[in-house]
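Once you've had a glance at the structure underneath, I'll fire off some questions.
Read the numbers this way: they start at 1 and go in the same order the structure lists the ligands and their atoms. Counting begins at 1 with the first residue of the sequence.
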Amino acid sequence: MTSSATSVPSTAAGPPEDGTVMLKTRDLHKSYGQVDVLAGVDFAARAGEFVCVVGPSGAGKTTLLKCISGLMRPTSGEVVFEGVPVTEPPAKLAVVLQDYSRSLMPWLTVGGNIDLVLRAKSLSRTERVAVIAEALTAVGLEGREDMYPWQMSGGMQQRVSIARGLAYQPDVLLMDEPFAAVDAQTRIDLEDLLLAVQARYDMTVLFVTHDIDEAVYLADRVIVLSGAPTTVTEEIAVQLPAPRDQVSTKTLPEYGQIRAHVFGLIRDAKATSRTTPK
Ligand SMILES: Nc1ncnc2c1ncn2[C@@H]1O[C@H](COP(=O)(O)OP(=O)(O)OP(=O)(O)O)[C@@H](O)[C@H]1O
C-alpha cells in the first residue's frame, strides 16, 4: 500500500495522524463462492477522523462495510473495533444506508423509528424522548417526532436516518452511499449537515461513496480501492482548510489536484478490475 499527502498547508483542526485507532481492518479477505472480492484490505480510522472510501463499481465497498459492521463474516483476516475483534455488530457503531425508504419503518412515526434503536439501551422513556429530540434538532428536524416518514421528502427521511444513527450515540458512524438517492441540492445540504454534526459530536465517520467530489469535499482522508479482487490502492490525506465550504473549498487548486488524482486512480482501477471465478 502506498500513501501520499497533499502539500497543502492545513489550517484545519483535523484529527491528529497519531490519534487513537477506532477501527481497523487486517488483511481482510471476502469471497462469494469462487469469486474473490476483498483480497487483503488494510486500513485504519482514527478518533474524530472523517474517512471516505471510494472505488470502482463492484470493488466490494458494500461488502467491506458489511464485514466492518459485523453483519457479514470475512473469509479471512479481521476487523478490530476499539481494540476488540468484530464478531457481531459492535454496540458503539451505527450504520446509515443509502436506501432510507427501506431503512425507516413506514408504520412508525419518526420518533418511533428512532426509539426502535434506543430500546436496546437501558434508558428510561423520559431519557429516550430527550435523546430523540436532541438528535432531531441536530439534523434540523426539531419537533417532527410525530410525522410519518412517508409524509417527508427524501432528504428529510435521510436526515431522520442520520438522526437515528446519532441517537444511538455511536463512536463510529458507517455510511454506505447515504446521499445517492437524493437530488443534487439536497445532497449538498446533507453533506454540510453531516460535517457540522460530525464536528459537534466528535464522531469518527467511515463514508463510502461513488462520488469523487463528495469524497474529497468531506474527507480528512480518502481511501481508494482497486477493482476486485480488491486491495487499498492509495490513502490520500486531504488537508484542505476547515470548515469546508461548497464554493470556496471546491475552487481551491488543491481540491482540483486531489480530485484529479483520485479520478485517475479510479479510472486505472476500472481498467484492471476483474471479478472472475478462481
Ligand atoms: N451476497 C452476494 N453473493 C454473491 N456475490 C455478491 C454478493 N454480494 C455482492 N456480490 C458481488 O461482490 C462484488 C462486490 O459487490 P459490492 O456490492 O460489495 O460492491 P460495491 O463496490 O459496493 O458495488 P457498487 O459500487 O456497484 O455498489 C460484486 O461483483 C457483486 O456481484
Side-chain angles (χ1 to χ4, degrees), residues 1 23-43 45 50-79 81 86-89 93-103 154 158 161-162 165 172-184 187 190-191 194 205-219 221-236 259 262-278:
M1 181 178 73
L23 173 70
K24 69 178 162 189
T25 65
R26 266 202 216 122
D27 198 23
L28 203 65
H29 285 73
K30 178 68 189 177
S31 305
Y32 295 110
Q34 296 295 298
V35 179
D36 294 330
V37 177
L38 305 180
V41 172
D42 288 276
F43 71 89
F50 200 124
V51 178
C52 286
V53 177
V54 293
S57 184
K61 300 182 291 296
T62 299
T63 300
L64 177 63
L65 282 201
K66 283 183 183 164
C67 291
I68 288 172
S69 62
L71 296 170
M72 180 181 271
R73 279 295 186 97
T75 307
S76 65
E78 65 176 355
V79 177
F81 182 84
V86 170
T87 53
E88 59 184 27
L93 182 140
V95 184
V96 175
L97 302 169
Q98 171 182 340
D99 194 352
Y100 50 80
S101 61
R102 282 199 295 173
S103 70
Q158 196 52 307
S161 299
I162 295 170
V172 177
L173 189 62
L174 291 190
M175 306 184 92
D176 189 6
E177 308 217 28
F179 308 146
V182 297
D183 64 81
R187 182 180 196 136
L190 288 173
E191 287 168 2
L194 180 61
V205 178
L206 186 64
F207 187 103
V208 166
T209 179
H210 270 109
D211 187 319
I212 295 168
D213 287 290
E214 182 168 76
V216 177
Y217 180 68
L218 292 173
R221 199 151 50 88
V222 177
I223 294 178
V224 184
L225 300 179
S226 69
T230 298
T231 56
V232 174
T233 298
E234 192 164 322
E235 295 191 18
I236 299 150
R259 185 191 172 285
V262 175
F263 185 86
L265 291 171
I266 303 277
R267 189 182 48 196
D268 293 349
K270 272 189 198 158
T272 55
S273 175
R274 59 179 174 84
T275 315
T276 49
K278 284 185 258 193

Worksheet entry | Donor-acceptor contact present, side-chain Thr230 to main-chain Leu225, <3.5 Å | no

Worksheet item: Which of the atoms of ligand 1 are close to Ala59, meaning less than 4.0 Å from one of its heavy atoms?
Response: 21 (O)

Worksheet item: Between the candidates Leu38, Thr62, Val54, which shows the shortest non-hydrogen contact distance to atom 17 (O) of ligand 1?
Response: Thr62

Fill in: Lys24 side chain vs Glu78 backbone, donor-acceptor pair below 3.5 Å
no

Fill in: Steps toward salt bridge (Lys or Arg N to Asp or Glu O under 4.0 Å) verdict (Arg259, Asp213)
CA-CA 6 Å; Arg259 185 191 172 285; Asp213 287 290; 2.6 Å; yes

Worksheet item: Is the number of heavy atoms from other residues, nucleotides or ligands within 6.0 Å of OH (Tyr32) greater than 12?
Response: yes

Worksheet entry | Among Ala228, Gly227, Gly60, closest by any non-hydrogen atom to atom 19 (O) of ligand 1 | Gly60

Discussion item. Check this for me - ligand 1, Val37, N or O atoms closer than 3.5 angstrom, yes or no?
Written reply: no

Worksheet item: Taking Thr209 for the side chain and Ala215 for the main chain, is one N or O donor matched with an acceptor at less than 3.5 Å?
Response: no

Discussion item. Show the atoms of ligand 1 that are less than 4.0 angstrom away from any heavy atom in Ser57.
Written reply: 24 (P), 25 (O), 26 (O)

Discussion item. Treating Ser161 as the side-chain partner and Val96 as the backbone partner, does any N or O pair qualify as donor plus acceptor under 3.5 Å?
Written reply: no

Item to complete: For Thr63, counting its heavy atoms only, list the atoms of ligand 1 lying under 4.0 Å from any of them.
Response: 15 (O), 16 (P), 18 (O)

Response to the item:
Restricting to heavy atoms, the pick from Gly58, Cys67, Pro56, Gly55 nearest atom 23 (O) of ligand 1 would be Gly58

